[in-house]
There are 2 protein chains.
Amino acid sequence: MQLNRLVAFHKTMGDPTRIRIVYLLSKGPLHGQAIAGKLGLTPPTITHHLHKLRDINLVYTRREKNTVYYYLNEKIILHQAVTLEKIISQKEELEEMEQDYAYRKKVLDAFIQTDGKLKSIPAQRKKKLIIFEHMVKGLKKGVKYEEKEINEYIKNFHDDFATIRREFITNQYMYRENGIYEVNPPEMWAKIE
Amino acid sequence: MQLNRLVAFHKTMGDPTRIRIVYLLSKGPLHGQAIAGKLGLTPPTITHHLHKLRDINLVYTRREKNTVYYYLNEKIILHQAVTLEKIISQKEELEEMEQDYAYRKKVLDAFIQTDGKLKSIPAQRKKKLIIFEHMVKGLKKGVKYEEKEINEYIKNFHDDFATIRREFITNQYMYRENGIYEVNPPEMWAKIE
DNA sequence: TATCTAATTAGATATATATCTAATTTTATA
DNA sequence: TATAAAATTAGATATATATCTAATTAGATA
């Protein structure tokens with residue numbers, strides 16, 4: 001079982017309006033306005049929630065004339081609802097549990113000396129990105145840096161600042177405009193598989 | 001089944017760190033620092049999550065010397081995890097679904113005229129609070145009102161502004177200091193059963 | 001094609017919350 | 001009683017998100 005799927009499922013069900021919608025749909029399909037009416041909310045709000053429910057595959061739609069009917073995909077609930085139970089009774093394994101952090105730590109320990117400098121730049125992409133993330137975390141968000149400043153910062157880790165600076169850009173850790181650098185938000189960073 | 005409990009359970013499980021903690025504890029009790037270490041987070045963060053897990057009765061603690069061990073309350077998971085499943089397969093009823101809104105609407109329709117004025121102040125506490133909530137929603141949050149302004153506002157609904165103004169205070173819809181009034185945040189409002 | 005209805009998107013606002021550092025509290029023990 | 005270790009609390013920051021109104025899109029039909 002994947003951690004992400006499980007979290008997404010529970011997060012989605014962790015809202016009273018969405019539970020209400022699921023409950024309504026469990027009695028049969030309804031269209032948007034009907035749901036809005038029954039719950040005393042506006043159509044945009046219902047759209048918002050239905051998007052989330054669709055993201056986890058919990059509802060699907062069918063169009064009739066001008067009206068979109070929403071159907072509950074009961075199988076998903078029946079399946080997901082008991083996943084947690086299986087996990088804690090050791091009937092199922094969860095990926096990415098300790099592993100994630102433990103692995104990062106191993107990589108950081110392997111490539112970073114006690115003085116904070118890199119022993120080398122990892123050749124494996126996955127490891128390299130872990131190192132880069134670590135380095136970028138030392139920069140302030142929202143601050144505009146000169147290229148010279150970035151170079152100086154990187155030199156604290158490794159002499160080949162030019163290569164690393166370039167990698168920061170290509171892997172979207174940073175953003176550059178007219179020679180000014182700024183840290184990107186984490187969701188833009190290259191994905192570590 | 002109560003809506004609130006169900007939502008709280010899923011909301012709590014809708015976070016990767018908490019799922020990780022639950023997973024770790026499913027293999028046996030651990031103390032705070034151990035959890036923090038395994039997940040690469042600081043003790044305060046772990047405390048934060050353990051509070052949430054304790055709120056829904058999912059973990060309990062036992063002290064040994066200086067160290068607090070956290071135990072998983074498996075029963076709760078085994079029970080809650082399948083609740084949703086039961087609900088959608090109609091094996092269990094959910095309170096407060098449509099009911100909630102429908103009932104409010106009925107009360108509002110019953111006591112408020114088309115011009116927005118109250119026909120009367122409901123005698124039943126439950127209904128009265130619904131009316132008060134409705135009235136208070138017309139006031140701005142964070143704005144300081146003179147008593148005179150409040151009176152004027154209430155007169156839009158009913159002549160007996162003094163009684164209603166007093167009820168706003170006793171039921172915690174508003175807060176008064178030195179004759180200045182301000183709307184309280186909704187979580188302080190009197191609870192409608 | 002013009003018009004109606006349902007749905008969605010865009011954008012704003014308010015609230016919640018995950019995480020951290022620093023400070024404080026609690027308990028054990030030398 | 002003084003010190004050390006573990007936990008918690010306080011406070012700050014950043015991000016996410018539930019809801020609304022207004023504007024737009026999509027589809028149906030006269």
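Lettering follows sequence order; numbering is per chain, from 1.
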Over 12 foreign heavy atoms within 6.0 Å of NZ, A:Lys65: no
Pairwise side-chain contact, B:Val22 with B:Met13, heavy-atom cut-off 4.5 Å (strictly under): yes
Cluster companions of A:Tyr71 among Ile, Leu, Val, Met, Phe, Trp, Tyr (side-chain spacing under 4.5 Å): A:Tyr60, A:Tyr69
Atom pair distance, as rounded to whole Å: NE2 in A:His48 and C1' in D:dA18: 5 Å
Heavy-atom protein contacts under 4.0 Å, nucleotides 21-30 of chain D, coded B base, S sugar-phosphate only, - none: BB----BSS-
Pairwise distance CG(B:Leu24) to CG(B:Leu39) - rounded to 0.5 angstrom: 5.5 Å
Spacing of B:His31 atom NE2 relative to C:dA28 atom P, expressed in whole Å: 16 Å
Touch class at under 4.0 angstrom, heavy-atom based, for B:Tyr69 against every strand present: nothing
Partners passing side-chain contact (heavy atoms from CB on, under 4.5 Å) against B:Glu149 (at least two apart in sequence or in another chain): B:Tyr145, B:Glu146
Minimum-distance nucleotide to A:His49 side chain [options: C:dT17, C:dT19, D:dT19]: D:dT19
From OG1 (A:Thr47) to NE2 (A:His49), nearest 0.5 Å: 10.0 Å
With sequence neighbours excluded, residues passing ring-ring contact (aromatic ring centres under 6.0 Å, His included) with B:Phe157: B:Tyr153
Residue whose nearest DNA chain C nucleotide is more 5′ - A:Val68 or B:Lys52: A:Val68
Contacts of type salt bridge (Lys or Arg N to Asp or Glu O under 4.0 Å), residue A:Lys128, not counting sequence neighbours: A:Glu167
Gap between atoms CG and P, on B:Asp15 and C:dA18 respectively (whole Å): 5 Å
Upstream residue (5' side of DNA chain D) when B:Gln33 and A:Arg18 are each assigned their closest nucleotide: B:Gln33
Short side-chain N/O contact to C:dT17 OP1/OP2 from B:Lys11, under 4.0 Å: yes
First encountered from the 5' end of DNA chain D, between A:Thr17 and B:Thr47: B:Thr47
Nucleotide pairing, DNA chain D (Watson-Crick or G-U, distances under 3.5 Å), in dot-bracket with [ ] and |: ||||||||||||||||||||||||||||||
Rounded distance (Å) that lies between atom P of C:dA16 and atom CG of B:Asp55: 15 Å
Flag for A:Tyr173-A:Glu133: side-chain donor and acceptor within less than 3.5 Å: no
Spacing between A:His51 atom NE2 and D:dA18 atom P, to the nearest angstrom: 13 Å
